[in-house]
> 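Take a look at this one; I'll ask things after.
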2 protein chains.
Amino acid sequence: MSAIIRFMNYEQLLRERDLKVTPQRLGILTLMHQSGHISIEDLYEKISRQFSSISLATLYKNVHAMIETALVKEVKIPSMKSKYELIKAPHAHLLCTQCGSFEDVSVPMEQIEAMLPHGVHFKTTESSLVFSGICETCQKG
Amino acid sequence: MSAIIRFMNYEQLLRERDLKVTPQRLGILTLMHQSGHISIEDLYEKISRQFSSISLATLYKNVHAMIETALVKEVKIPSMKSKYELIKAPHAHLLCTQCGSFEDVSVPMEQIEAMLPHGVHFKTTESSLVFSGICETCQKG
DNA sequence: AGCTAAGTGAGAAAAGTTATCCTTAAAAAC
DNA sequence: GTTTTTAAGGATAACTTTTCTCACTTAGCT
């Protein structure tokens, strides 16, 4: 797959948000996609391999620009640093407190949002759900 | 209600965890109880009124000691600084993205934990759920 | 190709958190 | 109740993380 085709989608996503398409941004988006969710630290380490002179400031600025334009989402995780992921269908996360693995899990968020007690008139627009526990691998090990 | 009776409970909670009972710690616990959940910043501002010379280091050290001994919990909140609360029965939180209000809501966490897809063998020990949206007051206003 | 606005990079600055070290106070021992 | 022991508090320095500034470069229009 050529670089042009591979990046096409991200270019469009950036343009739709009036964000200029730069190699750094394409790299950030590609890394987020590849890893699923990634911390700033890891992102910097990985992107520095491609753009050895990239500045941390650039990274922060871009990640925030992408959050503000609803391209990326910050996932806050109990007892861990935040990770960032491309916005996709609503889902929850599993955090293994033993090995630290962190992954997406498909959960009917709408149903969960319907579980607020009657009498609570809160209009939910989004919800964040992280299950902490022991992953299958660690249970076996 | 005398200070002795009021603090009795916290003293015991501290002693059970081999944490020395100090006025600063009692103050921290009291403030957490009163506010429900509070950020480090607010906690420092409020506790400084009682103990004008308290150090930020003391605050951080104590909050961490209390987290490690399962007396207090850090609540990570999308697009906000963490808040800290006394550990109590499992519950979720409501965050109003308009006025910033943040409150507890009673939700059957066990039921939610049972909603993981079949085939996902994850042993959940705890889960964190925050609903973001518009609170009742803001909907009316 | 040239213009303009936005983005990048380097470093400084600011915020937020943790570590060090000495003093003080709580709990245990007597 | 006094002494002894040990943990905790406070001040400050050191880190870590994030944001800001500004000169320079590049993307996207014309």
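To find a chain, count down the sequence lines: A is the first, B the second, and so on, and within it residues start at 1.
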> Taking the side chain from A/Glu85 and the backbone from A/Asp104, do they hold a donor-acceptor pair closer than 3.5 Å?
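Pair absent, no side-chain N/O of A/Glu85 close to backbone of A/Asp104.
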> Taking CD from B/Glu74 and P from C/dG16, how many angstroms apart are they, rounded to a whole number?
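So the two atoms are 14 Å apart, to the nearest Å.
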> Phosphate oxygens OP1/OP2 of D/dG9: is one of them under 4.0 Å from a side-chain N or O of B/Asn62?
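Checking B/Asn62 against D/dG9: at least one side-chain N or O falls below 4.0 Å of OP1 or OP2.
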> Side-chain contact test, heavy atoms from C-beta onward, threshold under 4.5 Å: evaluate it for A/Leu13 versus A/Leu29 and give yes or no.
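Not touching, per the 4.5 Å side-chain cut-off.
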> Quick check: does any side chain N or O of B/Thr125 sit under 3.5 Å from a backbone N or O of A/Ser132, one acting as donor and the other as acceptor?
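It does hold such a pair.
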> Find the distance A/Gln24:CD to D/dA27:C1' and express it as a whole number of Å.
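To the nearest whole Å, that distance equals 11 Å.
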> Please find the pair of heavy atoms, one from B/His91 and one from B/Val105, that lie closest to each other, and give the distance.
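The answer is CB-O, 3.5 Å.
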> Going by the angle between their ring planes, with limits at 30° and 60°, are B/His64 and B/Tyr60 parallel, tilted or perpendicular?
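Plane angle between 30° and 60°, so tilted.
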> D/dA7 C1' sits how many Å from B/Leu14 CG, rounded?
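That distance rounds to 13 Å.
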> Verify, without hydrogens or angle tests, whether B/Arg25 (side chain) and B/Lys20 (backbone) share a donor-acceptor contact under 3.5 angstrom.
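Yes: the side chain of B/Arg25 pairs with the backbone of B/Lys20.
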> Please give, in whole Å, the distance from C/dG11 P to A/Leu56 CG?
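After rounding, the reported distance stands at 13 Å.
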> Take the protein atom CD of B/Glu68 and the nucleotide atom P of D/dA8, then report the distance between them rounded to whole Å.
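The distance from CD of B/Glu68 to P of D/dA8 comes to 12 Å, rounded to the nearest Å.
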> Could you tell me whether the phosphate oxygens of C/dT17, OP1 or OP2, come under 4.0 Å of any side-chain nitrogen or oxygen in B/His64?
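For B/His64, the contact criterion (side-chain N or O under 4.0 Å from OP1 or OP2 of C/dT17) is not met.
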> Write down the atom of A/Met80, the atom of A/Gly100, and the distance for their closest heavy-atom approach.
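The answer is CE-O, 3.6 Å.
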> With the sugar-phosphate defined as primed atoms, P, OP1 and OP2, and the base as all remaining atoms, what B/S/- string results for nucleotides 21-29 of chain C, 5' to 3', for protein heavy atoms under 4.0 Å?
-----BS--
> Is a side-chain donor or acceptor of A/Glu74 paired with a backbone partner of B/Ser79 at a separation under 3.5 angstrom?
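Here the side-chain-to-backbone pair does not exist.
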> Do the side-chain N or O atoms of B/Tyr60 get closer than 4.0 angstrom to the phosphate oxygens (OP1, OP2) of C/dT18?
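No, outside the criterion.
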> How are the rings of B/His93 and B/His37 set to each other: parallel, tilted or perpendicular (split at 30° and 60°)?
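Rings of B/His93 and B/His37: perpendicular, over 60°.
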> For a 4.5 angstrom cut-off between non-hydrogen side-chain atoms, does A/His33 reach A/Tyr10?
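Side-chain contact under 4.5 Å: yes.
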> Estimate the overall bend of the helix from C/dA1-D/dT30 to C/dC30-D/dG1 from the end axes over five pairs each, rounded to 10 degrees.
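One end's axis against the other's: 40°.
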> Could you give the CZ-to-C1' distance, from A/Arg25 to C/dG9, as a whole number of Å?
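For the pair A/Arg25 CZ and C/dG9 C1', the rounded distance is 14 Å.
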> Taking atom C1' of C/dA19 as reference, at what distance in whole Å does atom CG of B/Leu59 sit?
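Those two atoms, CG and C1', are 16 Å apart.
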> So which of residues 35-55 of chain A are in contact with DNA chain D, with a heavy-atom cut-off of under 4.0 Å?
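When residues 35-55 of chain A is checked for heavy atoms under 4.0 Å from DNA chain D, there are no hits whatsoever.
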> Using only side-chain N and O atoms of A/Thr58, determine if any of them is under 4.0 Å from OP1 or OP2 of C/dG7.
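No, no such contact exists.
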> Shortest non-hydrogen contact from B/Ser127 to A/Leu129?
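Looking at all heavy atoms of both residues, the shortest contact is CB-CD1, 4.4 Å.
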> A/Ser39 side chain to A/Ser82 main-chain N or O, any donor-acceptor pair under 3.5 Å?
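Flag not set: sc A/Ser39 to bb A/Ser82 has no pair under 3.5 Å.
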> Distance check needed: D/dA8 C1' versus B/Arg17 CZ, whole Å only.
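It works out to 18 Å between those atoms.
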